[in-house]
Amino acid sequence: MDPLAIAREFGVQVHEDDLGTGIEGAMLSSGKKSAIVINSRIREPGRRSFTAAHELGHYSLHLDRPELRCSFDDLVDTAPHPANIEQEANEFAMTLLMPMDDVREQTGKGVPTISMVKRLAARYGTSLTAAALRLRESSAKSFALAYVVSGQVRWWWPTNEFRWRMKRGQAWPFSLIPSDDPSSCDTEALFGVEAKARLGGVLRISGADMPSYDAGLWVVETPDNRRPWEWDKIDD
């Protein structure tokens, strides 16, 4: 799926320009003319594809806005609050690039891991982060995604079943080593007593380095089979 080819078919001008370090892409409109601009600094094909699909979403849904400039934070905004146009554009992009039925068919009953995220990203030609967010949307399993920058949590995206949350800016455990295959880790040793009480004693964690951004993407999954009414019990 090529979002920019679709944009051209609708008569949208497509440009590539240096938008600086803070902006991923933009959608501009004036009268009957519209343009999508992709930051030329983006090197990864998957990230470029998702940015293009996001801006195409703005063109399709928010053409009344004369100018929209989107940062990385906008492209990972999944907060379901009213009138969130960035979240709407992200939903558009994920639906266009990664149809939910196919995502569920590809993942089946498998355990969420970075290896699974990489397979999805390769299949749909999108970024690891976008593929991970789509996996989170499609799954009923108990896991969380962590986007870590310079050793600190920048984003924490849990599924509804994962009943514990790391705060933005909290230090990520330096002992964790990125790996496609999950490692079994002691919950309390990594995250403390409250995390153990809510998630159980063992977590399965996998991760990928993103050296270009001094960042890492992690999947934290719990095999705990306690029922929801037991999750808030703190073990003696």
Side-chain angles (χ1 to χ4, degrees), residues 72-73 75-81 87 90-91 94 98 100 103-104 106-121 126-210 213 215-235:
F72 174 81
D73 285 356
L75 269 69
V76 295
D77 188 347
T78 59
H81 54 76
Q87 194 268 343
N90 284 332
E91 284 294 325
M94 287 192 284
M98 298 172 279
M100 186 65 81
V103 172
R104 288 179 174 144
Q106 297 304 314
T107 57
K109 296 182 179 180
V111 175
T113 64
I114 280 293
S115 181
M116 180 181 287
V117 171
K118 288 182 176 181
R119 290 198 302 272
L120 293 176
T126 189
S127 66
L128 282 183
T129 305
L133 288 170
R134 194 58 162 169
L135 174 62
R136 168 184 166 270
E137 276 196 343
S138 69
S139 179
K141 294 185 180 297
S142 175
F143 71 98
L145 305 172
Y147 188 82
V148 179
V149 179
S150 301
Q152 295 183 328
V153 175
R154 182 170 178 181
W155 290 94
W156 179 261
W157 299 290
T159 62
N160 290 334
E161 290 74 20
F162 196 92
R163 299 302 182 94
W164 182 75
R165 179 181 293 273
M166 288 192 78
K167 295 180 180 179
R168 183 167 181 163
Q170 189 171 340
W172 185 251
F174 66 87
S175 59
L176 291 174
I177 299 174
S179 173
D180 283 2
D181 298 318
S183 299
S184 294
C185 303
D186 183 281
T187 308
E188 183 175 354
L190 289 179
F191 302 118
V193 174
E194 182 184 353
K196 178 184 177 182
R198 291 179 175 270
L199 303 175
V202 177
L203 296 172
R204 290 188 287 238
I205 303 178
S206 55
D209 260 334
M210 298 178 173
Y213 311 105
L217 181 66
W218 298 83
V219 177
V220 182
E221 188 256 343
T222 173
D224 195 322
N225 58 3
R226 285 184 290 176
R227 298 294 185 262
W229 56 84
E230 297 179 298
W231 282 339
D232 291 329
K233 288 172 59 177
I234 296 179
D235 301 329

Are [X] and [Y] close enough that some pair of their side-chain heavy atoms sits under 4.5 Å apart?
X: Lys167; Y: Val153; answer: no
X: Phe143; Y: Arg204; answer: no
X: Arg168; Y: Arg154; answer: yes
X: Leu133; Y: Tyr147; answer: no
X: Trp155; Y: Asp73; answer: yes
X: Val219; Y: Leu145; answer: yes
X: Leu120; Y: Leu135; answer: yes

Please check this pair: side chain of [X] against backbone of [Y], looking for a donor-acceptor N/O pair closer than 3.5 Å.
X: Ser138; Y: Met100; answer: no
X: Arg163; Y: Leu199; answer: no
X: Thr187; Y: Val202; answer: yes
X: Arg134; Y: Met98; answer: yes

Non-hydrogen atoms of [X] and [Y] that approach each other most closely:
X: Gly151; Y: Val148; result: C-CG1, 3.7 Å
X: Ala121; Y: Ala131; result: N-CB, 3.8 Å
X: Ala208; Y: Lys118; result: CB-CE, 4.1 Å

Straight-line distance of [X] [atom1] to [Y] [atom2], nearest 0.5 Å:
X: Leu176; Y: Leu190; atom1: CG; atom2: CG; result: 5.0 Å
X: Ser127; Y: Met210; atom1: OG; atom2: CE; result: 7.0 Å
X: Arg198; Y: Thr222; atom1: CZ; atom2: OG1; result: 13.0 Å
X: Ile177; Y: Ser183; atom1: CD1; atom2: OG; result: 8.0 Å
X: Asp180; Y: Ser206; atom1: CG; atom2: OG; result: 7.5 Å
X: Arg165; Y: Glu194; atom1: CZ; atom2: CD; result: 12.0 Å

Less than 3.5 Å apart, which donor and acceptor atoms pair up between the side chains of residues 107-116 and the rest of the protein, not counting sequence neighbours?
residue: Thr107; atom: OG1; partner: Val103; partner atom: O; Å: 3.0
residue: Thr107; atom: OG1; partner: Arg104; partner atom: O; Å: 3.4
residue: Thr113; atom: OG1; partner: Ser115; partner atom: N; Å: 3.4
residue: Thr113; atom: OG1; partner: Met116; partner atom: N; Å: 3.1
residue: Ser115; atom: OG; partner: Arg119; partner atom: NH1; Å: 3.3

- Restricting to pairs with a member in residues 174-195, which pass ring-ring contact (aromatic ring centres under 6.0 Å, His included), not counting sequence neighbours? Trp164-Phe191, Trp172-Phe191

